Each structure stands twice: as C-alpha cells, then as structure tokens.
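Here is the structure we will look at.
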Amino acid sequence: MLGLGPIAFAAPWVLTALAALPVLWWLLRVTPPAPRTIQFPAIRLLRDLIAREETPARTPWWLLLLRLIVAALIILALAGPLLNPRAALPGGGPLLLVVDNGWAAGRDWPTRKRTMDELIAQADRQQRPVILLPTAPSADGTPIHASAVLPAPEARRLAQAIVPLPWPTDRAAALDALKAVASLADGRGSIHAVWLSDGVGDRQAAALAAGLQRLGSADVLDDSAERPPHLLLPPSSEGTALTARIVRADPSRPEPVTVRLAATDGRLLTRQTVGFEPGQKLREVRLDVPTELRNDAASLRIEGDTTAGATVLLDERWRRRPVGLVSGRSEGESQPLLSDLYYLERALSPYNEVRRGETLDLLKRDLAVLILSDIGALTGTEVQDIEDWVKKGGVLVRFAGPRLAQHADTLVPERLRIGDRALGGALSWSEPARLQPFPPKSPFEGLTIPPDVQVNRQVLAEPALDLADRTWARLADGTPLVTSQKRGDGWVVLVHTTASPDWSNLPLSGLFVDMLRRLVALSGGVTGTGATTSLDPVEVLDGTGRLVPPPPTAFPIPGNAGADVIGPRHPPGFYGTDDARRALNLSAAVTTIDPLPPMPAGVGREGYGGRGEVPLKPSLLAAALALLSIDLLIALALRGLLRPPSLRRSAGGAAAGLLLALALSSVPQPARALDPNLDQDKAVKVTAETYLAYVQTGDSGVDDTARAGLEGLVGVLGLRTAVEAAGAVGVDPERDELAFYPLLYWPVSDRQKPLSDQARQRVNEYMRSGGTILFDTRDQAPGGGPEVLQRLVQGLDIPPLAPVSQDHVLRKSFYLLTDFPGRYAGGQLWIEAREGPANDGVSSVVIGGNDWASAWAVGRNGQPMFAVFPGGERQREMAYRFGVNLVMYALTGNYKADQVHVPAILERLGQ
C-alpha cells in the first residue's frame with residue numbers, strides 16, 4: 001500500500017499506467033475525428049451550404065483534454081484509492097474474526113457484514129490470511145469451530161454465508177475453539193483478532209477477550225451505545241389488555257421504545273410508546289385492545305429492533321378462552337346473589353369468554369374449560385362425552401354442594417364420602433376453618449391468602465395413598481379443599497365447597513378470582529396438547545425476527561416442552577398445525593440481558609461506525625462514466641448525428657438558466673415584510689398546490705396517525721372528486737402560517753401544551769378569515785377527550801355550537817349522509833349554531849370525537865392501518881365519505897343549499 005497523506009492506494013503498481021498518458025495524447029491528436037456524414041437532398045442543397053462549417057482535420061484540444069482526464073480517472077480508480085486509510089493491522093500473522101451471530105446480532109446485521117468485508121479487504125491488501133470463528137451454534141448442529149487459514153477471497157465467500165441465528169451465542173464453546181487456532185497460526189506470525197460483538201455480556205465475555213489477547217493483539221467492536229439490544233418478554237393478560245415487559249441492556253440514558261401488536265395477516269391492531277429513564281432496565285407497556293380484536297393478535301414486536309428476542313409470538317395462551325358454566329341449582333334465578341353462576345361469571349368474564357348452557361350443548365362448540373357447579377350424578381352419555389373431551393386437553397372444574405355430596409359420579413379426582421362436613425355452628429364444637437399456604441406443586445403457589453377467608457362446610461374425600469399428591473389446597477386441619485387428577489392430556493379438578501357463599505366466603509374474595517384464572521391457565525386453549533403429543537414446526541423465526549418456513553434442520557418438540565429446548569434443533573416459532581399453533585418464544589428462556597463487561601487491559605474497544613476509511617474507487621469510476629457520456633454527446637454532435645438547431649436551443653436554454661441562477665444568487669434580496677420565523681420553502685410548497693393540514697400535538701403516535709389519515713383522505717379525493725390535493729402537512733400554530741390551508745384537522749391529545757398568546761392570535765385570525773378547523777377529541781381513544789379540548793381552546797374565539805341538523809349542507813355537500821362515523825361510531829358532531837354570510841355560510845369550527853384520522857389512515861402498502869369497529873369496512877367507507885363531504889364543504893361553501901339542487905337530491909333520496 002502506498003500512502004500519500006490522507007490518501008493511500010491499495011494497488012499502487014497500477015499508477016505506472018499514468019506514464020502512458022502522453023502517448024495517448026499523441027495518438028488522439030494525430031487521429032482525425034470521424035468524418036461527418038452530410039445528406040444530399042437536391043431541394044435543400046443551397047440552404048445547407050450557406051451556414052455549413054468545415055469539419056476540423058484534428059480533434060480539438062479541449063476534447064483531447066477531456067479524454068485524458070477520463071483515462072486518468074480510470075487509472076486512479078483501478079489503483080484502489082482510499083481516503084483516511086486505516087492503520088496497518090498489528091502483527092504479521094493471520095487476521096482472526098470472531099463473529100457474534102446469535103439473536104442479538106440481528107438488529108443491525110448489514111453494518112456487521114459490511115465491517116467484516118472491510119476487515120477482510122484490509123487483510124487482503126496486506127497479503128494476510130483470515131480465520132473466521134462464529135460464536136453461535138450452527139443450524140446443522142455441528143460444534144462451534146474455527147475455519148481453516150483461508151486466503152482473503154475464500155474468507156470473503158465464507159463470511160457472506162454467516163447469518164444471524166435466533167438463539168443465544170455459546171462463548172464458552174468459542175473459547176474452547178480458540179485452542180485450535182493457535183496451532184493453525186504456527187510459523188505465520190502473531191495473530192490479530194477482531195471480535196465483532198453483539199453488545200450483550202455474559203460470564204464468558206471477559207474470558208473470551210483475554211483468550212484472544214493471548215494469541216497476539218485484540219480489538220472488540222461494540223455498538224450497544226448507539227443501538228442497544230432489547231428483550232420483549234411474553235405479556236400477561238389483564239382483562240382485554242396485554243401488559244408486556246421490555247428489558248434493555250444499557251440503562252445509562254433515556255430512550256423511547258415502541259411496541260406493536262399485529263394480527264396473523266400483518267394488520268396493526270395497536271401500538272404504544274414508552275420511555276426509559278436513566279437507570280431503568282425494565283419497563284411495562286399496556287396495550288388496550290377491543291374484545292373483538294383480542295383473539296386476532298398473533299405477535300408483539302419492538303419497532304426497529306429486528307431480533308428474535310424483540311419478537312413475541314402469541315398463541316391460545318394469550319387469547320380469551322371460552323369457559324362453559326353449568327349449574328345444578330335452580331335457586332337464585334330470580335335473586336342473582338343466591339346463584340352459583342353469578343359469582344363464577346363475575347370472576348371469569350373480565351378475562352374469558354363465558355358461555356352458559358347445557359353440558360352437551362356446550363361441548364359441541366370450542367371450549368377450553370367446563371365448570372360444573374353442584375351437579376350430581378351425570379347421565380352415561382354426558383360422562384362419556386366429558387371424559388373424551390378431557391382426554392383431548394380440556395379442563396373440568398367441579399364445585400361441590402348438596403347434590404354432589406349425595407350423588408357423586410366417576411368424574412371426580414377421588415372417591416367422596418356421602419354427605420358433607422359442617423365446620424362451626426350452634427351444635428358443633430368446631431369453628432370455620434381457614435386455608436393453609438398452597439403447596440409448592442400446586443398451580444396456586446404464590447397466591448396470597450386473605451386472613452378472613454374461611455370455609456363452613458365441605459365434602460370430604462376418602463383416604464388414599466396418593467391423596468396428598470393430588471391435593472392442591474388444604475384447610476388448616478389438613479383436609480383437602482381442592483383436589484385434581486390428570487386424565488389424558490386434560491385435568492379433572494374438584495373444589496370441595498360451593499361456588500356461592502352458602503358454604504364458604506371464598507367466592508366473595510379476590511383469591512377466588514385468582515384461583516379461577518390459574519385453573520383456566522391449565523388448559524391449552526380450545527386445543528390442548530400433552531406430553532405425549534409431538535408438535536411439528538409450522539413457521540420459525542430467523543435471526544432478524546421474521547417468520548419463515550422451517551428449515552430441514554428444525555425438529556418437532558414435545559407437547560409439554562418449555563423454552564429451555566430452544567436451539568438449532570428447535571428454533572423459536574410456531575409449532576403444531578396451522579389450526580392449533582403453539583408459540584415457542586426466545587424471551588421466555590432469555591429473560592435478562594447485560595452490557596459487555598470491561599475488557600482486559602490492552603484490548604481495544606470501539607464502535608462499528610468509527611473506522612473512517614472511505615474507498616474512492618466508486619466515485620472516480622462514476623466521474624469517469626459521466627465524462628464519457630459527455631464525450632459521446634460531443635462526438636455525436638461533431639459528426640452531425642445530433643440536430644444542430646435543437647442542440648443550440650437546448651444549450652442556450654441551459655446556459656440562460658445557469659446565468660439566471662447565478663444572477664439571482666449574487667443580487668441582494670430586498671427586505672420583505674414577512675414573519676422572520678416563517679419557513680419560506682414550506683410556504684412556497686403549500687401555496688403552489690392544495691394541501692390539507694393537521695396540527696402537531698407533540699405526541700408522535702397521534703401525529704403519525706393524523707398524517708397517514710389525511711394522506712389516505714387525499715387519495716380518496718383524487719379518485720372520486722375534482723379536488724387535486726397534493727398531500728398532507730403538519731403545522732405548529734406557534735410558528736407556522738395557517739392561512740395557506742383550507743382545512744385544519746386538530747386531534748386532541750393530553751400531551752399538547754396550552755397555546756401561547758401568539759398561537760391563539762394565529763388560530764383566531766385563521767377562523768375569521770374563512771378557515772375551518774375539525775377538532776377530533778377522540779373520546780373513545782386514550783389521551784383525548786372534552787376536558788383536554790376545553791383546556792386547549794381557552795382564549796380562542798369559538799362561536800356557539802349546536803348538533804348538525806338533518807338538512808345541513810355538510811350532509812349533502814357531495815354524498816348524502818345520515819351520520820358521521822370514524823374509527824368509532826355513535827358520537828355527536830357539533831357545528832357553528834348560526835352560520836352567517838361572512839364565510840359563505842361555512843362553519844369555522846367542527847367538533848366531534850370519532851377518531852376520523854385512524855379510519856382514514858393507510859400504510860405505505862396502501863392497506864388500512866387500524867381496525868374500525870363495530871361496523872368494519874362499511875363503516876370505514878362512510879368515514880371516507882364524511883371526509884370528502886367535509887373537504888367539499890370547506891372548499892365550496894354552502895352552494896348545495898341552493899334550491900336548484902333540491903330536485904336532484906329528492907330524486908336520489910327516492911331511490
């Protein structure tokens with residue numbers, strides 16, 4: 001390598017070709033240009049001869065200079081020039097590249113791949129071989145090992161085949177593989193090792209760095225300061241909401257993180273942004289989803305973090321499971337507080353889909369849990385159907401009572417004594433019993449038992465050798481309160497007291513709700529799986545967090561497998577069948593992440609983007625290609641293959657434009673009486689064409705939705721009307737001029753600060769001069785509401801308002817409308833009560849709360865971004881029609897109120 005100050009040449013021997021430039025000059029000079037071909041039509045003979053210039057005998061000197069410059073640029077490019085070249089690699093032996101290609105490396109893999117190529121290219125320039133050592137177990141199950149000592153071209157091909165994998169690295173195995181690397185480099189000089197880390201620390205990180213240093217010299221590349229890794233832990237269910245937890249490695253600085261909840265087909269159901277404060281490693285984010293959309297959820301992802309650890313797949317365990325309720329007691333139908341089902345339904349309905357009915361009717365539908373409250377002896381058909389359903393993975397929960405105490409059948413975990421046992425009362429020496437702490441193997445383990453919960457009556461089980469193993473809850477005297485039995489893939493559970501307060505006050509406590517939630521969680525959803533079931537891979541996550549078809553190296557998992565099986569044979573993803581999927585998530589096994597620890601003394605540490613070397617070869621070749629194109633055009637013009645008049649006109653126009661631009665840039669601009677804070681470029685843009693505008697609230701989620709909503713409305717306007725709107729822009733009343741826009745969409749957000757006096761003056765002037773503002777309080781969405789609107793509009797000249805009348809122009813300005821739905825329906829729309837002639841009868845203020853921007857919003861692929869309910873796509877179409885009517889109303893005024901339109905409108909209504 002030849003260095004000349006900040007520039008170096010990777011192949012300096014190519015520069016010797018510059019000595020041939022004088023010879024090239026001489027050859028081009030003695031070679032005349034190609035003769036010009038002249039057409040000889042007889043009629044145009046005289047005219048063509050008058051203004052004809054002679055063809056030169058030699059190539060013009062300026063053209064020769066241009067071609068020599070092209071040749072010099074090509075020679076310099078082939079010499080491989082580098083701006084700010086890196087210092088030579090230490091040592092004289094091979095370059096060892098240790099590459100972390102586990103799950104955390106997928107968040108910016110192109111940068112890591114580009115760094116590998118640059119390091120291999122540098123080793124190639126120094127004629128040094130390369131050794132590659134990935135630290136994640138390979139997909140084919142072969143042990144981690146270093147490659148042979150490879151020439152740079154072969155190492156580059158091998159590096160191209162390294163991809164991020166969706167499981168953790170094994171740095172302990174990589175440290176063991178370093179023992180063989182020392183023998184590979186014998187007699188070749190000292191090794192220089194570069195560790196391309198993923199920014200995640202573990203117990204072996206410092207030891208691996210020390211092992212690399214023992215081979216010669218070592219550097220560590222770490223980008224966790226710029227792009228910290230995150231983990232998204234599996235969420236918990238709280239009613240209709242999902243609460244996810246985000247873990248990060250570096251808690252040193254503030255950071256916003258956005259979580260997206262998507263359906264199976266990729267539809268966005270909701271998104272939420274939370275902010276990490278300095279010192280925080282864990283944050284929770286609550287995602288509220290309507291009940292009808294909850295069961296469509298298929299994945300949770302952190303935006304911008306393309307790793308398997310930042311993706312959580314959702315299966316039946318996170319859906320609202322159907323629970324069937326059957327009672328054998330008719331008491332309480334007229335008095336709900338005496339009914340067993342009243343307490344069961346109140347405890348289950350916030351978290352599950354509750355169904356009532358007869359036993360056989362309930363089993364005909366998909367069911368996760370069946371609860372029988374004080375059902376005595378069942379019929380033979382009912383026993384057989386329930387038995388078959390339990391063996392397939394269902395959970396049968398039975399509550400005792402007077403009927404079960406006298407007529408027990410075989411669908412109980414243990415044999416029961418006939419009758420019940422009374423605890424306490426006027427004729428009893430005993431007192432009501434309290435509960436013991438739940439045993440470790442019980443699903444109720446960890447639940448707090450309130451001190452006031454007590455049991456007055458219970459059904460006793462006959463003593464048996466395995467009764468203690470089947471008992472999940474006991475009273476203070478040791479008698480069972482909840483027993484269970486595993487049958488096939490399902491469970492039979494018996495609560496030895498009633499589901500109503502007749503025998504116990506347990507149904508009146510919060511413990512009753514928590515115990516039922518744990519029992520429902522025992523089920524596998526509507527399709528259970530057991531330990532003997534083998535689940536085939538359906539779709540798996542790759543190293544960048546995308547769902548892909550399973551590779552041949554992916555094997556089935558047992559039905560009861562946990563996240564500890566994740567690895568090359570069982571990558572994270574969906575297992576089972578297309579109709580019954582089981583999610584295997586990486587973050588269920590990897591629950592914490594830490595940054596890289598301090599490296600040993602002498603080990604260099606830097607980021608991926610700080611190396612500074614810039615290859616000049618692409619730029620020089622591009623410049624040479626541009627000059628060659630110019631040379632070609634000149635040669636064609638000299639040969640007469642381009643028409644001289646058009647060439648002169650185009651050249652003259654280009655020159656005139658260039659001179660005009662230079663003149664305008666050199667002449668001082670006169671003083672203009674404009675707002676000094678006005679964005680002039682933006683003002684020129686929005687006045688050249690029609691734009692719709694939205695008010696920026698400072699809430700990125702609300703602002704992005706408003707922009708996407710107006711862009712979607714602009715597309716509809718272009719397809720259906722004569723309005724030629726160019727797009728949507730965001731405005732800030734504090735600094736932007738509002739008079740350029742016919743319509744302002746103002747989403748109400750509690751994050752928006754109150755307006756200053758200057759902003760209030762701008763908004764008031766906008767409304768007085770004929771502008772229309774649509775205030776969207778988004779009452780049914782979080783972060784909006786009338787209270788926030790009342791705070792925002794303080795000081796604004798808001799006229800008296802009234803609901804939109806049935807004959808108002810807004811209902812017929814383009815479409816005939818009866819209501820004005822958005823993402824939500826049913827809200828009232830308010831408008832100026834007295835529309836005077838000042839603004840052609842157009843109200844300056846329209847107020848509603850149906851979240852219209854979410855209904856209008858479309859993504860880059862042209863698909864709707866948010867679900868609309870309860871009316872679905874028909875409701876979205878009506879929301880678009882309201883948007884069209886509103887724009888036409890703002891642009892054209894009340895012309896549709898003229899009597900000339902009445903016959904046409906009546907005819908349309910008659911259809």
Side-chain angles (χ1 to χ4, degrees), residues 325-331 338 340-341 343-344 359 370-380 382-384 386-387 390 395-439 441-444 449 453-487 490-507 509 511-512 515-516 519 522:
L325 300 182
V326 182
S327 176
R329 304 174 62 184
S330 59
E331 298 91 342
L338 301 179
D340 294 352
L341 299 187
Y343 298 94
L344 289 171
T359 303
L370 177 63
I371 299 180
L372 304 181
S373 179
D374 195 17
I375 298 291
L378 298 167
T379 65
E382 290 176 330
V383 170
Q384 185 62 44
I386 296 176
E387 185 83 24
V390 169
V395 175
L396 173 65
V397 180
R398 304 191 69 174
F399 283 86
R403 290 167 179 77
L404 185 62
Q406 299 297 329
H407 305 285
D409 50 40
T410 58
L411 286 177
V412 290
E414 296 288 344
R415 292 182 56 193
L416 302 179
R417 293 183 181 181
I418 298 177
D420 57 86
R421 171 197 181 197
L423 301 172
L427 302 178
S428 174
W429 291 98
S430 61
E431 296 181 353
R434 291 182 171 85
L435 274 67
Q436 290 185 7
F438 297 115
K441 295 183 179 180
S442 169
F444 311 133
I449 301 176
V453 172
Q454 56 187 14
V455 177
N456 301 320
R457 301 178 77 90
Q458 68 174 145
V459 174
L460 293 176
E462 292 285 355
L465 295 177
D466 57 350
L467 179 60
D469 295 334
R470 297 185 180 184
T471 302
W472 284 350
R474 293 185 176 88
L475 297 181
D477 59 3
T479 57
L481 179 64
V482 180
T483 55
S484 64
Q485 183 184 21
K486 184 74 172 178
R487 296 192 182 183
W491 290 91
V492 175
V493 181
L494 174 63
V495 182
H496 292 243
T497 187
T498 59
S500 66
D502 292 349
W503 288 12
S504 168
N505 65 352
L506 176 63
S509 68
L511 178 62
F512 187 67
M515 292 175 67
L516 287 177
L519 291 176
L522 289 175

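Any value given below was found using the heavy atoms of this structure, including those in side chains, with hydrogens, waters and symmetry copies removed. Everything numeric here is computed off the predicted structure, so don't read it as measured data. Sequential numbering from 1 along the given sequence is applied to the chain's residues.
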Query raised in the report: Where do Lys486 and Trp491 land on the side-chain contact (heavy atoms from CB on, under 4.5 Å) test, with the steps shown first?
Result: CA-CA 5 Å; Lys486 184 74 172 178; Trp491 290 91; 3.4 Å; yes
Drop me the distance from [X]'s [atom1] to [Y]'s [atom2], to the nearest 0.5 angstrom.
{"X": "Asp409", "Y": "Leu378", "atom1": "CG", "atom2": "CG", "value": "4.5 Å"}
{"X": "Leu435", "Y": "Ile449", "atom1": "CG", "atom2": "CD1", "value": "5.0 Å"}
{"X": "Leu494", "Y": "Leu411", "atom1": "CG", "atom2": "CG", "value": "11.0 Å"}
{"X": "Leu467", "Y": "Arg415", "atom1": "CG", "atom2": "CZ", "value": "12.5 Å"}
{"X": "Met515", "Y": "Ser442", "atom1": "CE", "atom2": "OG", "value": "7.5 Å"}
{"X": "Leu396", "Y": "Thr359", "atom1": "CG", "atom2": "OG1", "value": "9.0 Å"}

For [X], all residues meeting side-chain contact (heavy atoms from CB on, under 4.5 Å), sequence neighbours excluded:
{"X": "Pro507", "result": "Tyr343, Ser504, Phe512"}
{"X": "Asn505", "result": "Val453, Gln454, Leu508"}
{"X": "Pro437", "result": "none"}

Qualifying residues under side chain to side chain donor-acceptor pair (under 3.5 Å), relative to [X], sequence neighbours excluded:
{"X": "Ser484", "value": "Trp472"}
{"X": "Arg470", "value": "Glu414, Asp466"}
{"X": "Asp477", "value": "Arg421, Thr479"}
{"X": "Glu382", "value": "Thr379"}

Test your reading of the model: is there a side-chain donor-acceptor pair from [X] to the backbone of [Y], 3.5 Å cut-off?
{"X": "His496", "Y": "Leu460", "result": "no"}
{"X": "Gln458", "Y": "Pro480", "result": "yes"}
{"X": "Asp374", "Y": "Leu404", "result": "yes"}

Check: [Y] and [X] side chains under 4.5 Å, non-hydrogen atoms:
{"X": "Leu506", "Y": "Val455", "answer": "no"}
{"X": "Pro402", "Y": "His407", "answer": "no"}
{"X": "Trp503", "Y": "Val459", "answer": "yes"}

Requested in this report: Kindly indicate, with the supporting measurements, whether the criterion side-chain contact (heavy atoms from CB on, under 4.5 Å) is fulfilled by Ile386 and Leu372.
Outcome: CA-CA 11 Å; Ile386 296 176; Leu372 304 181; 4.3 Å; yes
For [X] versus [Y], what's the shortest heavy-atom pair and its separation?
{"X": "Arg457", "Y": "Ala422", "value": "NH1-CB, 3.6 Å"}
{"X": "Gly401", "Y": "Thr498", "value": "CA-CG2, 3.8 Å"}
{"X": "Gly419", "Y": "Gln406", "value": "CA-NE2, 3.7 Å"}

Query raised in the report: Looking at residues at least two apart in the chain, or sitting in another chain, which of them share a salt bridge (charged side-chain N to carboxylate O under 4.0 Å, His left out) with Arg487?
Result: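 Arg487: salt bridge (charged side-chain N to carboxylate O under 4.0 Å, His left out) contacts with Glu387.
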Report task. Take Leu475 and Gln436 through the side-chain contact (heavy atoms from CB on, under 4.5 Å) test and state the conclusion after the steps. Result -> CA-CA 5 Å; Leu475 297 181; Gln436 290 185 7; over 6 Å; no
